[in-house]
Amino acid sequence: MRYRTQLPNDQKYVILVIRNILDNQISGSIYHALQGELINFHGFMELAEEMENLSNDLTYPSICMERRSLLNDLESTSLEERVDQIEHCMRSRMPLHTYRLQIHHRLSGTWQGTLQDRESGSLWQFESFMELIGIIEDESGISKKDSYVPLLPLGTYVYKKDRQEFIIRILFKKNKSWQGSVHWVNGKKTVNFRSYLELILILREVLEDTGKKASIIDMNDYGRMVRSS
């Protein structure tokens, strides 16, 4: 379902509810007035996917350049097919945090916007998805060493998951994010990425296409991501 591009101000943001933190992974729901249903997520990876899907369906904010991919053909899925009905146990759980999240721009393969705590009124600006993760983790009491985003220096890394192998080169750290290239060893393809968000979406896309749809990208899993000599 596609909506008009010219949205009124009260439809340019989502309500982000953090309901649980388990093993330093957040889970919760997002809500947008036009959707009328809660969209559940588990972890920052699913939050990123659902927000990207919603922004694409709303055509807001408009994207300046299509996301890069290691796959040739991408299948689009309607918003209705992607949304899972919220469970009764989630309805009864008191939220840990409730935010108003607005993505103002989608530039350089990532997000720029604002996050506001609906209870305290505290307002943060972020220039990338990576910076947004840091804000939410700080407010949730997740330490830097347990962050979803690994503290990695520039360099070349090998990431293995679900029998797939990737060689990731982090070449720059600009715009509060990463830039570099990822080579899919099994598929013998290489693509550049402009941000951490674009990188994890590229990896998730390949893993979903080649294996289990439930694969969760955890770049901080050092058992699967090691520095290449």
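In what follows, every heavy atom counts, from backbone to side chain, and hydrogens, waters and symmetry copies are set aside. Just so it is clear, the structure is predicted and the values come from calculations on it, not from any experiment.
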Enquirer: Write down the atom of His104, the atom of Gly113, and the distance for their closest heavy-atom approach.
Expert: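 Scanning both residues, the minimum pair turns out to be CD2-CA, 3.1 Å.
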
Enquirer: Looking at Leu96, Ile133, Ile18, which one forms a side-chain contact (heavy atoms from CB on, under 4.5 Å) with Ile26?
Expert: Ile18

Enquirer: If you measure from OH on Tyr60 to CD on Gln11, what distance do you get to the nearest 0.5 Å?
Expert: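 The distance works out to 11.5 Å.
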
Enquirer: Drop me the distance from Ile135's CD1 to Asp117's CG, to the nearest 0.5 angstrom.
Expert: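 That separation rounds to 12.0 Å.
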
Enquirer: Between Phe166 and Tyr159, how do the two ring planes meet: parallel, tilted or perpendicular, split at 30° and 60°?
Expert: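 Taking Tyr159 first and then Phe166, their aromatic rings sit tilted (interplane angle of 30° to 60°).
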
Enquirer: Can you list the residues that meet the side chain to side chain donor-acceptor pair (under 3.5 Å) rule with Glu131, with sequence neighbours excluded?
Expert: Lys176

Enquirer: When clusters are formed by joining ILVMFWY residues with side-chain heavy atoms under 4.5 Å apart, either directly or through shared neighbours, do Leu154 and Met130 land in the same one?
Expert: yes

Enquirer: How would you list, by chain and number, every residue that makes a side chain to side chain donor-acceptor pair (under 3.5 Å) with Trp124, sequence neighbours excluded?
Expert: none

Enquirer: Considering residues at least two apart in sequence or located in another chain, which fulfil the side chain to side chain donor-acceptor pair (under 3.5 Å) criterion with Ser122?
Expert: Ser120

Enquirer: Given side-chain contact (heavy atoms from CB on, under 4.5 Å), test Leu115 with Leu16 step by step and report yes or no.
Expert: CA-CA 9 Å; Leu115 181 74; Leu16 168 63; 4.2 Å; yes

Enquirer: Over 60° means perpendicular and under 30° means parallel, so tell me whether Phe129 and Trp111 are parallel, tilted or perpendicular.
Expert: perpendicular

Enquirer: Quick one: side chain to side chain donor-acceptor pair (under 3.5 Å) partners of Glu137, sequence neighbours excluded?
Expert: Ser147

Enquirer: Could you tell me whether a side-chain N or O of Arg169 sits under 3.5 Å from a main-chain N or O of Gly180, the two making a donor and an acceptor?
Expert: no

Enquirer: Gln25 and Phe44: which non-hydrogen atoms are nearest, and at how many Å?
Expert: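 Closest pair (atom of Gln25, atom of Phe44, distance): OE1-N, 3.9 Å.
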
Enquirer: To the nearest 0.5 Å, what is the distance between CZ on Phe193 and CD1 on Ile170?
Expert: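 The CD1 atom of Ile170 is 6.0 Å from CZ of Phe193, to the nearest 0.5 Å.
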
Enquirer: For residues Ser181 and Asn192, report the shortest heavy-atom separation together with the two atoms involved.
Expert: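 Answer, listing the atom of Ser181 first, then Asn192: CB-OD1, 3.4 Å.
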
Enquirer: I'd like to know if Leu171 and Val191 are part of one continuous hydrophobic network [Ile/Leu/Val/Met/Phe/Trp/Tyr, side-chain heavy atoms within less than 4.5 Å].
Expert: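 Looking at the clustering, Leu171 is in a separate group from Val191.
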
Enquirer: To the nearest 0.5 angstrom, please state how far the CD1 atom of Ile15 sits from the NE2 atom of His32.
Expert: 10.0 Å

Enquirer: Please check: side-chain N/O of Gln179 versus main-chain N/O of Ser195, any donor-acceptor pairing under 3.5 Å?
Expert: no

Enquirer: Checking one residue: Val185. Which other hydrophobic residues are in its cluster under the side-chain 4.5 Å linking rule?
Expert: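 In the cluster with Val185 are Ile167.
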
Enquirer: Just checking, is any N or O donor in the side chain of Ser29 or Asn40 under 3.5 Å from an acceptor N or O on the other one?
Expert: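 Distance-only check passes for Ser29 and Asn40.
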
Enquirer: Taking atom CZ of Arg19 and atom NE2 of His42, what is their separation to the nearest 0.5 Å?
Expert: 15.0 Å

Enquirer: Restricting to non-hydrogen atoms, name the atom on His105 and the atom on Ile103 that form the minimum distance, rounded to 0.1 Å.
Expert: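 Of all heavy-atom pairs spanning His105 and Ile103, the closest is O-CG2, 3.3 Å.
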
Enquirer: Test side-chain contact (heavy atoms from CB on, under 4.5 Å) on Thr110 and Phe126 and set out the steps.
Expert: CA-CA 10 Å; Thr110 190; Phe126 56 89; over 6 Å; no

Enquirer: With a 4.5 Å limit on heavy-atom distance, are the side chains of Ile30 and Leu101 in contact?
Expert: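 Result no, sub-4.5 Å side-chain heavy-atom pair not found.
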
Enquirer: Measure from the side-chain N and O atoms of Gln164 to the backbone N and O of Asn186, and report whether any donor-acceptor pair falls under 3.5 Å.
Expert: no

Enquirer: Check whether any side-chain N or O of Gln116 sits under 3.5 Å from a backbone N or O of Gly121 as a donor-acceptor pair, and report yes or no.
Expert: yes

Enquirer: If the condition is side chain to side chain contact (heavy atoms under 4.5 Å, CB included), which residues does Ser140 pass it with, not counting sequence neighbours?
Expert: Ile21, His97, Ile136, Ile142

Enquirer: Testing the basics here: between Gln112 and Arg106, what is the closest heavy-atom pair and its distance to 0.1 Å?
Expert: OE1-N, 3.8 Å

Enquirer: Can you tell me how far CG of Leu47 sits from CD of Glu52, rounded to the nearest 0.5 angstrom?
Expert: 10.5 Å

Enquirer: Name the one of Glu46, Glu49, Met51 that satisfies side-chain contact (heavy atoms from CB on, under 4.5 Å) with Phe41?
Expert: Glu46

Enquirer: Taking everything shown except Gln125 itself, do over 12 heavy atoms lie less than 6.0 Å from its CD?
Expert: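 Counting other residues, nucleotides and ligands, CD of Gln125 stays at 12 neighbours or fewer.
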
